[in-house]
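We're numbering straight along the sequence, starting at 1.
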Amino acid sequence: HLGNVRAALFNWLVARHDDGRFLLRIEDTDVAREVPGGADAIVSDLQWLGLSADEEAVYQSRRADTHAAALARLQAAGRLYPCFCSEATLKRARIAQQEAGRPPRYSGTCAAVTQEDAERRRAAGEPHTLRFRVPPDREVAFEDRVHGPQRFATADIGDFVVQRSDGTPAFFFANALDDGDAGVTLVLRGDDHLSNSPRQILLLEALDLPVPEYGHLPLIHGAGGGRLSKRSGALSVANLRDSGYHPLAIVNYLARVGGHVESQAALPLTELARAFDVRNFAKSPAGFDEDQLRYWQRHALDSLSSDALWEWMDEAVHARVPGSQRDAFLSLVRPNVLFPGDALDWTFVLFDDDPMPQKEALATLQQADPALFTHALRALEGARDWPALVATVRDAAGVRGPQLFKPLRAALTGRMDGPDLAGVFALLTPERIRTRLERAVSLGAG
């Protein structure tokens, strides 16, 4: 969804700005939450947006041996212990702590279980997780790239799970280990992960791995102020792509949601990276604003070359526009098109013999003086271009301004707004113009 994409975009922009590398890791060790085809969709979405990784994507599930070896090291050093507490027991403890006004943390019930007792219970097949022993009476401090200095007392953290009961590594652990092994120096992610950072710093220290710099981005809220959900496709990249949004519009919009870009132009990604100022991240959440996304869609389309604009329009448009008129069509409709469907609508207006007028245009035709259209038909015989036809009709009918142009627009396009009428006149064949003016005479007379 857009929250994930925004985090990826900010990482990409900072990596490019600082001459670094942008890495992609698919964290797919939680089998219960795995979505079929989800990893391929992530890669596809990022590629469509232009956020290419600098190395081949790493699939966390393929690093099981590395994770197991690191867990064995920690266990041999006495940093881990098995926890046999059931989820129901842990839930009751969390509720009790919250009701008492204390932050929820593991109470350490299984930390005191002897090695002999733990081995017996494991041999009996009793389900268990592995927890990391958090050192007591310490403070974990780091400088967050967004929120500034952060300090966490280990007494408030509690021993945390590093291996689930099914034997797969927990997020805290695998994420930190993989960052360390990859040489990651900066992690930008949602600030819902801020409390994870001290845990991961402790793990990296225990594994003698370098600690990256962290920056936690305020989240994007959806409609009504709720956080965006991975389970909701309403604001997914795939949904926006299918709706006709251009990738340039999406990245330019997201770069300014909590980020800072001085330019108000729709910039290509490389220029966005040069203009991106990481010192001015917003510290408060922002809501998704579709009006702003549409604003950037307009700017993105305006910045495209004719070839790029044509490529963005779908095959249905390509099939209906004569090749010899492609460039004239693009130049004419560009200001009036926001989505490919808009372009398709204009192909019906410009290249169909008898398109149906919209309701407002039909009312305008029915209220107009049919003599105006009769004058236009006569002028059509000798008019070389649109200005000549307009001048002849204006003088013959004795009308000008909106009283002249609104009925003519309604007659020629069946719309009350749209592209410049001179361009419309140039694209329409004389036969189509005549047919539409004759229909206007008939409607006006009725």
Here the pair of heavy atoms bringing L269 nearest to L13 is O-CD2, 4.1 Å

Check the pair D242, N239 against side-chain hydrogen bond (donor to acceptor under 3.5 Å, both in side chains), reporting the backbone distance first and the verdict last.
CA-CA 5 Å; D242 292 344; N239 179 272; over 6 Å; no

Aromatic centroids of F172 and H193 separated by under 6.0 Å
no

Does the side chain of T185 reach to within under 4.5 Å of the side chain of P212, using non-hydrogen atoms?
no

Step-by-step side-chain contact (heavy atoms from CB on, under 4.5 Å) determination, V14 to L186:
CA-CA 9 Å; V14 172; L186 173 63; 3.5 Å; yes

Decide yes or no for H375 and F373: does some side-chain heavy atom of the first lie under 4.5 Å from some side-chain heavy atom of the second?
no

Check: L304 main-chain N/O paired with R334 side-chain donor or acceptor under 3.5 Å:
yes

To the nearest 0.5 Å, what is the distance between CG (N336) and CG (L332)?
7.5 Å

In terms of heavy-atom contacts, L350 and R432 come closest through O-NH1, 3.7 Å

Go through the steps for L362 and L443 under the test side-chain contact (heavy atoms from CB on, under 4.5 Å), then give the verdict.
CA-CA 8 Å; L362 182 60; L443 290 171; 3.8 Å; yes

Would you mind telling me which of H147, K283, R189 makes a side chain to side chain donor-acceptor pair (under 3.5 Å) with H216?
R189

Exceeds 12 heavy-atom contacts within 6.0 angstrom, atom CD of Q403:
no

Could you tell me whether a side-chain N or O of S263 sits under 3.5 Å from a main-chain N or O of A265, the two making a donor and an acceptor?
yes

Can you measure from CG (L207) to CG (L202) and round to the nearest 0.5 angstrom?
11.0 Å

Shortest non-hydrogen contact from N252 to A266?
OD1-CA, 3.4 Å

Judged by atom type as modelled, is there a donor-acceptor pair below 3.5 Å linking the side chain of Q200 to the main-chain atoms of N175?
no

Please say whether the positively charged group of R326, taken as NZ for Lys or CZ for Arg, lies over the ring of F329, i.e. under 6.0 angstrom from the six-membered ring centre and within 45 degrees of the axis.
no

Side-chain contact, heavy-atom cut-off 4.5 Å: E143 with Q150?
no

Atom pair CD1 (I26) and CG (L24), whose distance is rounded to the nearest 0.5 Å:
4.5 Å

Closest approach of V321 to W310 (non-hydrogen atoms, all atoms of both residues):
CB-CH2, 3.8 Å

Are more than 12 heavy atoms from other residues, nucleotides or ligands located less than 6.0 Å from atom CG of D65?
no

Any donor-acceptor N/O pair, H318 side chain to M313 backbone, under 3.5 Å:
yes

Can you confirm whether D191 sits close enough to V146 that some side-chain heavy atom of one is under 4.5 Å from a side-chain heavy atom of the other?
no

Taking the six-membered ring for Trp, are F281 and F10 closer than 6.0 Å centroid to centroid?
yes

Pairing of D54 and R16 as salt bridge, 4.0 angstrom limit
yes

Determine whether more than 12 heavy atoms belonging to other residues, nucleotides or ligands lie under 6.0 Å from atom CD of Q98.
yes

Less than 4.5 Å apart, any side-chain heavy atom of V58 and any of L23?
no

Quick one: does any side-chain atom of D352 pair with a main-chain N or O of P355 as donor and acceptor, under 3.5 Å?
no

Are Y253 and Y295 close enough that their ring centres sit under 6.0 Å apart?
no

Can you confirm whether more than 12 heavy atoms, excluding those of Q325, are under 6.0 Å from its CD atom?
yes

Interatomic spacing from CD in Q297 to CG in L240 - rounded to 0.5 Å:
9.5 Å

Determine whether D420 and F425 make a side-chain contact, defined as any pair of heavy atoms from C-beta on separated by less than 4.5 Å.
no

For L404, is there any backbone N or O sitting under 3.5 Å from a side-chain donor or acceptor partner on R409?
no

Gap separating the CG atom of L428 from the OG1 atom of T435, nearest 0.5 angstrom
10.5 Å

Take R6 and L2 through the side-chain contact (heavy atoms from CB on, under 4.5 Å) test and state the conclusion after the steps.
CA-CA 6 Å; R6 175 171 164 262; L2 286 189; 6.0 Å; no

Side chain S331, main chain D327, donor-acceptor under 3.5 Å:
no

If the test is salt bridge (Lys or Arg N to Asp or Glu O under 4.0 Å), which one of R94, R92, R164 qualifies with E87?
R94

Under 6.0 Å from the ring centre and within 45 degrees of the ring axis: does the NZ or CZ of R320 meet both conditions for the six-membered ring of W346?
no

For residues S305 and D307, is any side-chain donor paired with an opposing acceptor at under 3.5 Å?
no

Could you go through the side-chain contact (heavy atoms from CB on, under 4.5 Å) check for R434 and T429 one step at a time?
CA-CA 9 Å; R434 185 176 295 106; T429 63; over 6 Å; no

Between the main-chain N or O of R105 and the side-chain N or O of Q97, is there a donor-acceptor pair closer than 3.5 Å?
yes

Taking all heavy atoms of A379 and all of V393, pick out the closest pair and write down the distance.
CB-CG2, 4.1 Å

Given side-chain hydrogen bond (donor to acceptor under 3.5 Å, both in side chains), test H1 with N4 step by step and report yes or no.
CA-CA 6 Å; H1 62 72; N4 302 128; 3.3 Å; yes

How about CZ on R298, more than 12 heavy atoms from neighbouring residues, nucleotides or ligands closer than 6.0 Å, or not?
yes

With a 3.5 Å distance limit and no angle check, can you tell me whether D18 reaches the backbone of G20 through a side-chain donor-acceptor pair?
no

When every non-hydrogen atom of L365 is compared with those of P407, the smallest separation belongs to CD2-O, 3.9 Å

Return the CD to CZ distance between E262 and R256, rounded to the nearest 0.5 Å.
10.0 Å

Are L203 and F160 packed together at the side-chain level, in the sense that at least one heavy-atom pair is separated by less than 4.5 angstrom?
yes

Less than 4.5 Å apart, any side-chain heavy atom of F142 and any of P198?
yes

Is the Lys NZ or Arg CZ of R131 less than 6.0 Å from the centre of Y106's six-membered ring, within 45° of the axis?
yes

Does the distance from a Lys or Arg side-chain N to an Asp or Glu carboxylate O, for D354 and R436, drop under 4.0 Å?
no

Might you work through the ring pair (Phe, Tyr, Trp, His ring centres under 6.0 Å) test for F173 and F132, ending with a clear yes or no?
CA-CA 9 Å; F173 173 75; F132 179 80; 9.0 Å; no

Any sub-3.5 Å donor-acceptor pair from R415's side-chain atoms to Q358's backbone N or O?
no

